[in-house]
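To start, the structure itself, in structure tokens.
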Amino acid sequence: MAPSPTGLLHIGNVRTALFNWLFARHHGGEFKLRIENTDTSREVAEAVDQIQDSLSWLGLDWDGPHTFQLDRIDDCRRVAERLVVEGKAYADEGAIRFRMPDEGTTAWDDVVRGRIEFPNEKLEDLVLVRSDGRPTYNFASPMEDVWDGITHVIRGDDHVSNTPKQINLIRAVGAEPPVYAHVPSVFGTDGKKLSKRHGAVTVDEFRAAGYIAPALVNFLALLGWAPDGETTIMSREELIERFSLERVQPSPAAFDFQKLDWMNGVYLRAMDPDEYAHAVVLYLGEQGYDWDAELVHKAAPLVQEKIEKLGDFPAFARFLFEDVRLDGYELDGRVLEEAERQLAGVEPFTADEIEAALRSLAERLGLKPRDAFQPIRIAVTGSKVSPGLFESLELLGKERALARLSAARS
RNA sequence: GCCCCCAUCGACUAGCGGCCUAGGUCGCCACCCUUUCAAGGUGGUAGCGCGGGUUCGAAUCCCGCUGGGGGCACCA
């Protein structure tokens with residue numbers, strides 16, 4: 001993977017990185033991380049760290065230390081000078097240009113696109129070294145592929161037209177080109193390139209919204225690839241086991257947030273309750289909530305079946321940590337008063353006991369459970385939508401529960 | 001303008017000449033379950049862009065069209 005350090009990691013680049021990673025792990029190869037920073041003018045200070053954080057969070061571990069393209073500046077210059085001596089390149093207004101062949105074609109068998117041929121007459125003599133001495137991407141990148149022993153280049157299809165140039169360059173220095181696989185881009189559901197207006201685009205944004213890494217990885221893997229027509233949910237191990245470049249689709253894929261949401265929910269629900277609670281605590285901490293961790297831990301199971309993203313947790317559980325506002329609700333005072341009286345006598349104040357008490361209350365008042373419970377729910381949680389009422393009451397505790405029922409009547 | 005690529009339900013896809021009355025998943029709709037919301041269960045909706053070929057037979061192969069995308073920097 002070879003990102004340029006110009007900002008936060010885009011989810012489309014992650015998809016490409018994921019394919020690289022899956023391919024490498026499947027074949028027992030190495031997945032390399034290279035920072036392509038030859039364009040110093042566009043470099044963003046924190047980007048290198050952020051890119052690594054994002055990859056680590058996703059679990060896409062790379063082999064060996066990450067490298068910087070700019071570190072090879074001297075090697076690149078030496079090669080450029082040699083190419084000039086050999087007559088394969090020439091000076092041009094302070095820069096050095098590579099002489100592309102004028103006749104014939106340059107071709108390669110792209111693993112996802114099939115055979116691609118370019119007439120050489122269409123290839124411009126490309127700048128190898130800028131007049132200020134820095135190598136260009138199209139020079140440094142293929143040279144590094146050679147020096148690093150890269151066997152497979154898996155990258156976005158916006159690089160297709162660069163490939164014949166890079167192949168000619170590699171051959172000019174007497175090396176064999178790697179295998180290329182150009183994967184299609186990721187669009188929004190409207191068919192336009194995925195951008196901010198579609199929602200989250202950087203890994204950080206997905207993380208902040210409460211998506212979890214395994215779900216995101218599973219979803220991304222299915223964007224342009226499928227092991228068969230049936231399987232949807234796959235563990236990291238199964239993904240590695242079944243991944244193959246040959247089954248990567250040559251056509252672009254649309255990013256469907258609804259399906260991601262669903263899949264994230266599937267992963268959330270499948271988590272061990274303790275592990276889940278821990279993830280919620282961690283997430284809320286990251287997001288700057290100062291809610292009591294122990295209470296969060298206890299509340300987590302109440303919403304595990306209900307939310308799709310960790311970011312949905314606060315909306316369900318806020319009533320446990322903050323006062324509720326009842327603006328705009330008209331509640332049946334009689335139900336609230338009876339409930340308060342009934343609950344006052346419940347001991348111990350547990351979900352089971354509470355349920356028994358409230359059900360008998362509903363019966364006594366001749367109300368259907370839903371009609372009896374809804375005003376209580378609203379009075380206690382401040383919302384028509386909440387975790388289970390009885391468990392919620394238990395967690396709130398008798399004192400606070402009674403206080404809210406009382407407050408709701410005034 | 002010049003090169004190049006892509007094309008199955010709204011979305012992700014299976015399909016690689018007969019197993020297709022085109023399958024799965026998300027979404028959507030209905031019903032069931034139900035203390036709200038979810039989750040879960042059952043059923044349903046919806047597609048091979050168009051036109052020519054090739055073939056006994058085409059979603060699958062070929063050509064054209066249309067539509068979409070990418071590239072054409074001393075950016076990566």
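A, B, ... follow the sequence lines: proteins, then strands. Residue 1 opens every chain.
Between the CD atom in A:Glu391 and the CD1 atom in A:Ile354 there is a gap of 8.5 Å [rounded to 0.5 Å]. To the nearest 0.5 Å, atom CD1 of residue A:Ile11 and atom CG of residue A:Leu58 are 6.5 Å apart.
For A:Asp158 and B:rA76, a side-chain-to-base donor-acceptor distance below 3.5 Å is absent, hydrogens and geometry of angles not being considered. A donor and an acceptor atom never sit less than 3.5 Å apart when one is taken from the side chain of A:Ser386 and the other from the base of B:rC37. Not a single donor-acceptor pair, N or O on each side, falls under 3.5 Å between the base of B:rC3 and the side chain of A:Lys122.
A:Tyr211 and A:Tyr267 have their aromatic ring centers separated by at least 6.0 angstrom.
Spacing between atom CZ of A:Arg247 and atom C1' of B:rU13 amounts to 10 Å, rounded to whole angstrom units. A:Tyr276 has its OH atom 12 Å from the C1' atom of B:rA39, to the nearest Å. The separation between A:Tyr137 atom OH and B:rG71 atom C1' is 13 Å, rounded to whole Å. At whole-Å resolution of the value, CG in A:Leu222 and C1' in B:rA14 are 12 Å apart.
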Tell me, with the steps shown, if A:Thr231 and A:Asp228 meet side-chain hydrogen bond (donor to acceptor under 3.5 Å, both in side chains).
-> CA-CA 6 Å; A:Thr231 319; A:Asp228 53 49; 2.8 Å; yes
Determine, step by step, whether A:Arg325 and A:Ser383 satisfy the side-chain hydrogen bond (donor to acceptor under 3.5 Å, both in side chains) criterion, reporting the C-alpha distance in whole Å, the side-chain angles of both residues, the deciding distance to 0.1 Å, and the verdict.
-> CA-CA 9 Å; A:Arg325 300 178 58 85; A:Ser383 169; over 6 Å; no
Report all interatomic pairs (protein N or O, nucleotide N or O of nucleotides 33-35 of chain B) with separations under 3.5 Å.
from: B:rU35; atom 1: OP1; to: A:Arg359; atom 2: NH1; distance (Å): 3.4
from: B:rU35; atom 1: OP1; to: A:Arg359; atom 2: NH2; distance (Å): 2.9
from: B:rU35; atom 1: O2'; to: A:Arg377; atom 2: NH2; distance (Å): 2.9
from: B:rU35; atom 1: O2; to: A:Arg377; atom 2: NH2; distance (Å): 2.6

Between the protein and nucleotides 44-51 of chain B, which nitrogen or oxygen pairs are less than 3.5 angstrom apart?
none

Atom pairs under 3.5 Å, N or O on each side, protein against nucleotides 4-6 of chain B: can you list them with distances?
from: B:rC5; atom 1: O2'; to: A:Arg113; atom 2: NH1; distance (Å): 2.3

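Of the nucleotides present, B:rG71 is the one that pairs with B:rC2 by Watson-Crick or G-U wobble criteria, both distances under 3.5 Å. The partner of B:rG43, taking Watson-Crick or G-U wobble pairs whose two distances both stay under 3.5 Å, is B:rC29. Nucleotide B:rC61 forms a Watson-Crick or G-U wobble pair with B:rG53, both donor-acceptor distances falling under 3.5 Å.
A:Thr38 comes within 4.0 angstrom of sugar-phosphate atoms only, judged by non-hydrogen atoms across all strands, and of no base. Using a 4.0 Å heavy-atom cutoff across all strands shown, A:Ala254 reaches sugar-phosphate atoms only and no base atom. Residue-level contact check: A:His182 touches neither bases nor backbone, having no heavy atom under 4.0 Å from any strand. Within the 4.0 angstrom heavy-atom criterion, base atoms lie near A:Asp92.
Side chains of A:Thr350 and A:Asp352: no donor on one and acceptor on the other come within 3.5 Å.
Salt bridge A:Asp61/A:Arg25: present, at least one basic N to carboxylate O contact under 4.0 Å. A salt bridge between A:Glu205 and A:Arg207 is absent, with no side-chain N of the basic residue lying under 4.0 Å from a carboxylate O of the acidic one.
Within the structure, ring pair (Phe, Tyr, Trp, His ring centres under 6.0 Å) contacts touching residues 114-147 of chain A (residues at least two apart or in different chains) are A:Tyr137-A:His159.
For the pair A:Gln249 and B:rA7, the criterion of a side-chain N or O lying under 4.0 Å from OP1 or OP2 is not met.
For A:Glu363, the CD atom sits in a loose shell: 12 or fewer heavy atoms of surrounding residues, nucleotides or ligands are nearer than 6.0 Å.
Residue order along RNA chain B, read from the 5' end via each residue's closest nucleotide, puts A:Gly224 first among A:Gly224 and A:Arg42.
In the set B:rA76, B:rA73, B:rA38, B:rA73 carries the atom at the smallest distance from any side-chain atom of A:Glu124.
Residues passing the side-chain contact (heavy atoms from CB on, under 4.5 Å) test with A:Leu222 are A:Asn218, A:Trp225, A:Pro227, A:Thr232, A:Met234, A:Met263, sequence neighbours excluded.
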Sugar-phosphate or base contact per nucleotide [nucleotides 22-31 of chain B; S, B, -; heavy atom under 4.0 Å] | -BBBBS----
